[in-house]
Amino acid sequence: MVYTSLEIDEILNKAPVMEPQRQFYFVDQCRKIISALEEKKGRKLTVCINTFGCQMNAKDSEKLLGIMEEIGYVESDSEDSDFVLYNTCTVREHANVRVYGRLGVLKNSKDKNPDMIIALCGCMMQENAVVEKIKQSYKHVDIIFGTYNIYKLAELLFLHFTQKKMQIEIYESPQEIVEDLPSERKFKFKSGVNIMYGCNNFCSYCIVPYVRGRERSREKEDILREIRNLAADGVIEIMLLGQNVNSYAYGFPQLLAEAAQIPEIKRIRFMTSHPKDLSDDLIRVIKDNPKIARHIHLPLQSGSTRVLKEMNRHYTKEGYLELVDKIRSEIKDISITTDIIVGFPGETEEDFQDTLDVVRKAKFESAFTFIYSKRSGTKAALMPDQIPRDIVNDRFNRLLALVTEGATKQTMRYTGQSVEVLVEEINQKDPSLLTGRMSNNSLVHFKGSNDLIGTMAKVHLDEAKGFYYLGTLIRSM
Ligand code: SAH
Ligand code: SF4
Ligand code: F3S
């Protein structure tokens, strides 16, 4: 389908100004173009969305896929698709390097299939230097947009189809929150729910506040309505998402308690809690509501009070340990997991020993360990004393060994008990087994019929296998 420039002008002039109506209009316009292309090719068009980074991006990708399916694309895992979208992360340098590498590979695919559309979005695109580099060196990219305008995918795609040139639209800062667009969930039975966007904490190493903007909390009623709608659509587990849910503007413990009232919702998770403002109220609400998962992700970052100050984290080593003690003494069966950065500028062996000390005392069920990555634009990037690579690697290995040893002991302490799990999928390694997730986030593999997937079941934990259990199904629930 080829439009004249007059027709294009007319379509653009008729577009509603209000959102989300404007986007539904462009979805319709794109659908017409896609139908014509389908006819020409004699097949459906495919879309492949590749997501990097955190739960926020995963959730955004569901929204992006929702829009693409509404336009008429069908999802594919293969990057040999008609439309390939990378939803990028820039929290560590490594994530960026991977995207550039894969863009190189995509160039070959596009040489073979010139109709292929390549799009980039997500946190990396909020950095000017990245967009400049792509404009210069990756001219085969067709569409670039940022984190504040993912809802405009249909409009950008329409402009690409009709103008045939690279479309770049990136906002410097957040605009209105546009919701109620289609979204396509990866799992039928569980879903993330954004409760807030952005971050105000400016931890000195972290790029997130620069690429996701200041904190914006959604209205409580909007969140609860979304959860009720998900429940009506078969969802039984939700994960409330925010960079720091404890600073949710309208009261996080209250929101959790109200979400737990929705009968069809069997389990509620949340991510992430900043230790500086985890309240007693929150601990009490978790304790009182068995539906709220026995799991808190509580990023430590460093065990050294001196480094924590440099990181702008607003808590001390002792404060963190007291908080862990309080949580564990109130809620006995809770798992506490964490994130730790090794090699922050100026970190001494003594600072690092403090980190090891906290790991020993806090008994984390699991910990993600990261090597400090210098992010330009952040305060830490300007700090003197960046730590030499060999020292960082050595510390990283020592930390990982300690974390692994402790985590195994800690997570495997429920052997012999019977627990409720959400049956999530067929085991990836052994298709004769199902995989269930416990409230505390541990996994158990057991024999059972596939129609248990997406339901709650009671399982006996027979055998501890280090990081997971082997179990026996007792009954479905
Ligand atoms: N909002 C969450 C974290 C989001 S980023 C929180 O505050 O806990 C996820 C993790 O990436 C962080 O917890 C941190 O451990 C790690 N991280 C962030 N910036 C980093 C950097 N510059 N180098 C290495 N790791 C980093
Ligand atoms: Fe980054 Fe800190 Fe915000 Fe987490 S709380 S996203 S680590 S600035
Ligand atoms: Fe990465 Fe953006 Fe999340 S930088 S960690 S995808 S908020």
Side-chain angles (χ1 to χ4, degrees), residues 49-61 64 86-99 120-127 130 146-148 150 174 192 194-216 240-248 270-278 296-303 307-308 310-315 320 336-345 347 355 359 364 366-383 386-387 392 395-396 399 403:
I49 301 185
N50 228 314
T51 309
F52 301 81
C54 68
Q55 299 283 344
M56 305 289 160
N57 266 16
K59 178 73 190 180
D60 285 350
S61 286
L64 292 162
Y86 285 175
N87 190 1
T88 62
C89 169
T90 186
V91 80
R92 286 169 290 274
E93 178 71 30
H94 180 64
N96 297 37
V97 174
R98 269 172 67 202
V99 167
L120 296 172
C121 68
C123 297
M124 243 176 108
M125 301 306 129
Q126 292 298 138
E127 294 180 283
V130 169
T147 57
Y148 306 124
I150 62 159
N194 297 113
I195 68 166
M196 56 203 295
Y197 303 96
C199 181
N200 283 354
N201 291 309
F202 289 95
C203 302
S204 63
Y205 50 82
C206 184
I207 195 90
V208 171
Y210 302 92
V211 295
R212 287 277 174 173
R214 293 302 71 71
E215 225 167 77
R216 285 100 60 208
L240 304 179
L241 299 173
Q243 292 298 352
N244 175 17
V245 293
N246 296 329
S247 59
Y248 173 67
F270 57 87
M271 190 78 120
T272 295
S273 263
H274 195 305
K276 76 178 160 69
D277 47 13
L278 193 151
I296 297 186
H297 188 64
L298 194 66
L300 167 68
Q301 313 301 4
S302 168
V307 171
L308 286 169
E310 294 286 306
M311 287 178 160
N312 196 31
R313 290 289 289 179
H314 299 283
Y315 53 88
Y320 186 92
I336 301 180
T337 60
T338 203
D339 294 345
I340 301 171
I341 297 176
V342 179
F344 183 81
E347 182 189 74
T355 298
V359 170
F364 297 116
S366 128
F368 295 105
T369 49
F370 303 109
I371 287 178
Y372 167 75
S373 173
K374 184 172 169 177
R375 307 313 290 129
S376 49
T378 64
K379 231 172 143 188
L382 302 173
M383 291 180 182
Q386 307 273 336
I387 311 292
V392 179
R395 286 182 194 160
F396 182 82
L399 175 65
V403 160

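Any value given below was found using the heavy atoms of this structure, including those in side chains, with hydrogens, waters and symmetry copies removed. Whatever order the structure lists them in is the order used to number ligands and atoms, beginning at 1. Model, not experiment: these values are computed from the prediction.
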Counting from 1, what ligand 3 atoms have a heavy atom of [X] closer than 4.0 Å?
{"X": "Arg212", "value": "7 (S)"}
{"X": "Asn57", "value": "6 (S)"}
{"X": "Cys123", "value": "2 (Fe), 4 (S), 6 (S), 7 (S)"}

To the nearest 0.1 Å, how far is [atom] from its closest protein heavy atom, and which atom is that?
{"atom": "atom 5 (S) of ligand 2", "result": "Asn201 ND2, 3.4 Å"}
{"atom": "atom 3 (Fe) of ligand 2", "result": "Cys199 SG, 2.2 Å"}
{"atom": "atom 1 (Fe) of ligand 2", "result": "Cys206 SG, 2.3 Å"}
{"atom": "atom 8 (S) of ligand 2", "result": "Cys203 N, 3.4 Å"}

Legend entry - Pair Arg212 + Asp60: basic N to acidic O under 4.0 Å: yes
Legend entry - Gln243 to ligand 3, any heavy atom closer than 4.0 Å: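 Flag set, Gln243 near ligand 3.
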Legend entry - Per-atom contacts, ligand 2 versus Val208 - under 4.0 Å to a heavy atom: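 By the 4.0 Å cutoff, the relevant atoms are 6 (S).
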Inset, instruction - Under 4.0 Å from a heavy atom of Arg313: give me the atoms of ligand 2 that qualify, with their elements. - result: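 Counting atoms of ligand 2 from 1, those under 4.0 Å from Arg313 are 2 (Fe), 7 (S).
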Inset, instruction - Select all protein residues for which some heavy-atom-to-ligand 1 distance is less than 4.0 Å, and list them by chain and number. - result: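 Around ligand 1, where the cutoff is 4.0 Å for heavy atoms, the contacting residues are Val91, Arg92, Tyr205, Gln243, Thr272, Pro299, Gln301, Arg313, Asp339, Ile341, Phe370, Ile371, Tyr372, Ser373, Arg375.
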Legend entry - Structural part of Cys89 in contact with ligand 3, heavy atom criterion under 4.0 angstrom: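 For Cys89, backbone and side-chain atoms both sit under 4.0 Å from ligand 3.
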Inset, instruction - Check the angle between the aromatic planes of Tyr86 and Phe52 and answer parallel, tilted or perpendicular using the 30° and 60° thresholds. - result: perpendicular
Inset, instruction - Could you tell me whether Phe396 and Phe370 have their ring centroids closer than 6.0 angstrom? - result: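 No; Phe370 has its ring centre 6.0 Å or more from that of Phe396.
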Legend entry - Tyr205, portion touching ligand 2 at heavy-atom distance under 4.0 Å: side chain
